[in-house]
Amino acid sequence: MRLARWESPLGRAEGFVIEDRVVPFPDGLSVQGVLERGLATAAELHARVADAAGTPLASVRLRAPLRPASVRDFAAFEEHVEGMSSDAEGTPHVAPEWYQAPTFYFTNPHAVIGDGETVRPPVTERLDYELEVAAVIGGVAGSDGRDLTPERAEAHIFGYTIMNDWSARDIQNREMRVFLGPAKGKDFATTLGPWIVTADELASRRDAEGFLAVRAEAYIGATLVGEDLVSNMGWTFAELVAYASRASVVVPGDVLGSGTAGNGGCLGELWGRNGTMSPPPLTEGDTVRIVVEGIGEITNTIGRAAAEVPLPTARPRPLPRSRRVP
């Protein structure tokens with residue numbers, strides 16, 4: 001099953017993509033509502049509308065397939081981490097801490113965009129794409145999504161979508177020198193789409209260790225820049241979900257990104273390996289297309305940078321604590 005949100009001359013709608021048409025959910029349900037009810041209910045709803053005429057897919061404009069409750073993005077590909085890191089001599093390496101647990105950061109769910117939308121970046125000289133796949137959390141009867149084992153976490157994965165975690169590397173690097181972030185280096189856009197493919201549709205593509213063995217590719221224009229297997233992750237998606245739920249909770253509508261694939265999954269990795277900014281950073285007018293086997297593809301074009309609202313630099317350190325305001 002494929003779940004989507006779209007716009008047409010008739011307005012906005014949410015439902016299933018069935019072959020070459022889109023069909024709204026019955027009973028006025030939304031993607032979020034279906035996620036909350038879980039995979040079994042989704043299958044029942046799909047059966048009810050499977051023969052409906054619907055609207056040709058080619059005649060609608062797809063939106064991001066959900067408005068996430070939260071977005072966690074991991075760094076699960078060792079090759080990417082190696083290419084993005086250098087020691088004092090400039091040699092790529094992976095910090096020992098990477099192997100201990102699947103690190104992630106939270107990004108802005110309100111900055112999510114969909115297939116075909118224009119990316120409006122901040123003023124940056126190092127705009128980059130990131131080739132990723134994301135798991136989407138659904139409801140599971142009898143579970144509140146807390147402190148899950150990987151085995152229990154598997155049932156919470158409703159499906160998968162493609163993710164492009166756009167990055168302004170110069171801003172990101174500045175922020176992380178303060179030992180916090182990334183923040184505005186990532187905050188401007190995250191593409192999800194073109195739809196959510198339910199987990200059962202990809203079950204046959206999982207390898208013996210539970211990894212999703214599908215090919216992922218990134219193109220700038222017509223040029224293939226990055227390609228990897230999603231099964232090169234250091235942890236399975238179920239393990240990522242379990243870690244996210246530790247002393248916490250995952251809920252329907254949460255999105256958990258794999259982190260950037262290796263072998264050119266982003267330009268930053270290639271810059272680190274090449275020792276030069278080649279290929280060059282993305283600029284206005286560039287088009288990035290990401291293709292993932294078994295899921296689909298998303299395409300976005302880079303638009304004009306957003307105008308910066310000027311802010312002052314930090315004020316001098318405040319007065320000594322012994323001082324009092326008169």
Side-chain angles (χ1 to χ4, degrees), residues 1-4 17 35 62 64-66 68 70-81 102-105 107 109 112-115 128-138 150 153-154 156-167 186 189-207 209-219 224-244 250 253-266 269 288-300:
M1 295 175 285
R2 293 178 290 171
L3 284 67
V17 179
L35 292 175
L62 292 173
L66 77 163
S70 72
V71 182
R72 298 171 176 90
D73 197 17
F74 287 79
F77 287 85
E78 183 180 15
E79 186 175 9
H80 167 71
V81 174
T103 303
F104 67 90
Y105 84 101
T107 192
V112 167
I113 63 174
D115 174 45
D128 200 355
Y129 69 87
E130 298 205 26
L131 169 60
E132 306 191 27
V133 171
V136 179
I137 300 298
E154 190 71 57
H156 286 258
I157 300 176
F158 183 96
Y160 300 92
T161 191
I162 302 173
M163 180 169 172
N164 187 342
D165 177 37
W166 302 90
S167 300
K186 298 275 195 177
T190 300
T191 305
L192 297 177
W195 37 61
I196 300 168
V197 176
T198 52
D200 57 302
E201 293 288 327
L202 295 172
S204 63
R205 298 175 185 267
R206 292 175 57 189
D207 65 19
E209 296 179 281
F211 288 91
L212 196 58
V214 297
R215 179 178 170 85
E217 301 173 337
Y219 295 80
L224 176 65
V225 181
E227 54 182 319
D228 201 359
L229 292 175
V230 178
S231 51
N232 281 329
M233 291 166 61
W235 295 268
T236 66
F237 276 104
E239 289 165 339
L240 301 186
V241 174
Y243 185 72
V250 293
D254 280 354
V255 168
L256 287 80
S258 62
T260 310
N263 194 39
C266 71
E269 178 206 329
V288 177
R289 180 167 65 100
I290 291 181
V291 182
V292 179
E293 182 184 12
I295 299 180
E297 64 180 72
I298 55 174
T299 302
N300 298 97

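Heavy-atom basis, side chains included; hydrogens, waters and symmetry copies ignored. Since the model is a prediction, treat every value here as computed from it, not as a measurement.
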Handout entry: Any donor-acceptor pair under 3.5 Å from Thr198 side chain to Met1 backbone
Key = yes
Handout entry: Exercise: identify the closest heavy-atom pair between Met163 and Ala134
Key = SD-CB, 3.9 Å
Fill in the blank from the handout: Those residues at least two apart in sequence (or on a different chain) that pass salt bridge (Lys or Arg N to Asp or Glu O under 4.0 Å) with Glu154 are Arg206
Problem - Residues that Asp207 engages under side chain to side chain donor-acceptor pair (under 3.5 Å), provided they are two or more places apart - result: none
Practice task
Kindly write out the residues that satisfy salt bridge (Lys or Arg N to Asp or Glu O under 4.0 Å) with Arg2, not counting sequence neighbours, or none if the list is empty.
Solution key: none
Handout entry: Check: Val291 and Tyr219 side chains under 4.5 Å, non-hydrogen atoms
Key = yes
Identify all side-chain donor-acceptor contacts of residues 189-196 below 3.5 Å with residues at least two apart in sequence or on another chain.
residue: Thr191; atom: OG1; partner: Trp166; partner atom: NE1; Å: 2.9
residue: Thr191; atom: OG1; partner: Asn300; partner atom: OD1; Å: 3.1
residue: Trp195; atom: NE1; partner: Ile295; partner atom: O; Å: 2.8

Practice task
Please state whether the rings of Tyr243 and Phe104 are parallel, tilted or perpendicular, taking 30° and 60° as the class boundaries.
Solution key: perpendicular
Problem - Which residues share a salt bridge (Lys or Arg N to Asp or Glu O under 4.0 Å) with Asp73, sequence neighbours left out - result: none
Exercise for the section: Calculate, to the nearest 0.5 Å, the distance between atoms CG and CG belonging to Leu3 and Leu35 respectively. Expected result: 6.5 Å
Problem - Reported OG-to-CG distance for the pair Ser70 and Leu256, which is rounded to 0.5 angstrom - result: 7.0 Å
Completion exercise
Residues pairing under salt bridge (charged side-chain N to carboxylate O under 4.0 Å, His left out) where one sits in residues 254-263, two or more places apart or in two chains, turn out to be Arg72-Asp254
Completion exercise
Rounding to 0.5 Å, atoms OG1 (Thr103) and CG (Leu240) come to a distance of 10.5 Å
Exercise for the section: Would you name the heavy atoms of Ala242 and Ala153 that are closest together and state the gap between them? Expected result: N-CB, 3.8 Å
Exercise for the section: Quick one: closest heavy-atom pair of Val292 and Ala216, and the distance? Expected result: CG2-CB, 4.0 Å
Practice task
Output all residues satisfying side-chain contact (heavy atoms from CB on, under 4.5 Å) with Thr299, sequence neighbours left out; order by chain, then residue number.
Solution key: Asp115, Thr287, Arg289, Glu297
Handout entry: Within the 6.0 Å centroid threshold, strictly below: Tyr160 and Phe237
Key = yes
Handout entry: Distance (rounded to the nearest 0.5 Å) between His80 NE2 and Asp228 CG
Key = 11.5 Å
Completion exercise
Heavy-atom nearest pair, Tyr129 first then Gly264, reads OH-O, 2.6 Å
Practice task
List in chain and number order the residues that pass side-chain contact (heavy atoms from CB on, under 4.5 Å) with Arg215, two or more places apart in sequence or in another chain; answer none if no residue qualifies.
Solution key: Glu217, Leu224, Glu227, Leu229, Glu293
Handout entry: salt bridge (Lys or Arg N to Asp or Glu O under 4.0 Å) partners of Glu269, counting only residues at least two apart
Key = Arg273
Handout entry: For the student: nearest non-hydrogen atoms of Tyr105 and Asp165, plus distance
Key = OH-OD1, 3.0 Å
Handout entry: Partners passing side chain to side chain donor-acceptor pair (under 3.5 Å) against Thr260 (at least two apart in sequence or in another chain)
Key = Glu130
Problem - Rounded distance (nearest 0.5 Å) linking atom CG of Leu131 with atom OG of Ser258 - result: 7.5 Å
Exercise for the section: Tell me, please, which residues at least two apart from Pro109 pass side-chain contact (heavy atoms from CB on, under 4.5 Å). Expected result: Pro68, Val71
Handout entry: Lys186 and Thr107: CA distance, side-chain angles, deciding distance, side chain to side chain donor-acceptor pair (under 3.5 Å) verdict
Key = CA-CA 7 Å; Lys186 298 275 195 177; Thr107 192; over 6 Å; no
Problem - Short side-chain to backbone donor-acceptor contact, Glu132 and Gly259, under 3.5 Å - result: yes
Fill in the blank from the handout: Across all chains, not counting sequence neighbours, the side chain to side chain donor-acceptor pair (under 3.5 Å) partners of Asn263 are none
Problem - Trace of the side chain to side chain contact (heavy atoms under 4.5 Å, CB included) decision for Val230 with Phe211 - result: CA-CA 8 Å; Val230 178; Phe211 288 91; over 6 Å; no
Handout entry: Nearest-0.5 Å distance that lies between atom CH2 in Trp235 and atom CD in Glu209
Key = 14.0 Å
Fill in the blank from the handout: Heavy-atom closest pair (Ala238 atom, Ile157 atom, distance to 0.1 Å) is N-CD1, 3.8 Å
Exercise for the section: Mind running side chain to side chain contact (heavy atoms under 4.5 Å, CB included) on Val197 and Thr161 for me, showing each step along the way? Expected result: CA-CA 6 Å; Val197 176; Thr161 191; over 6 Å; no
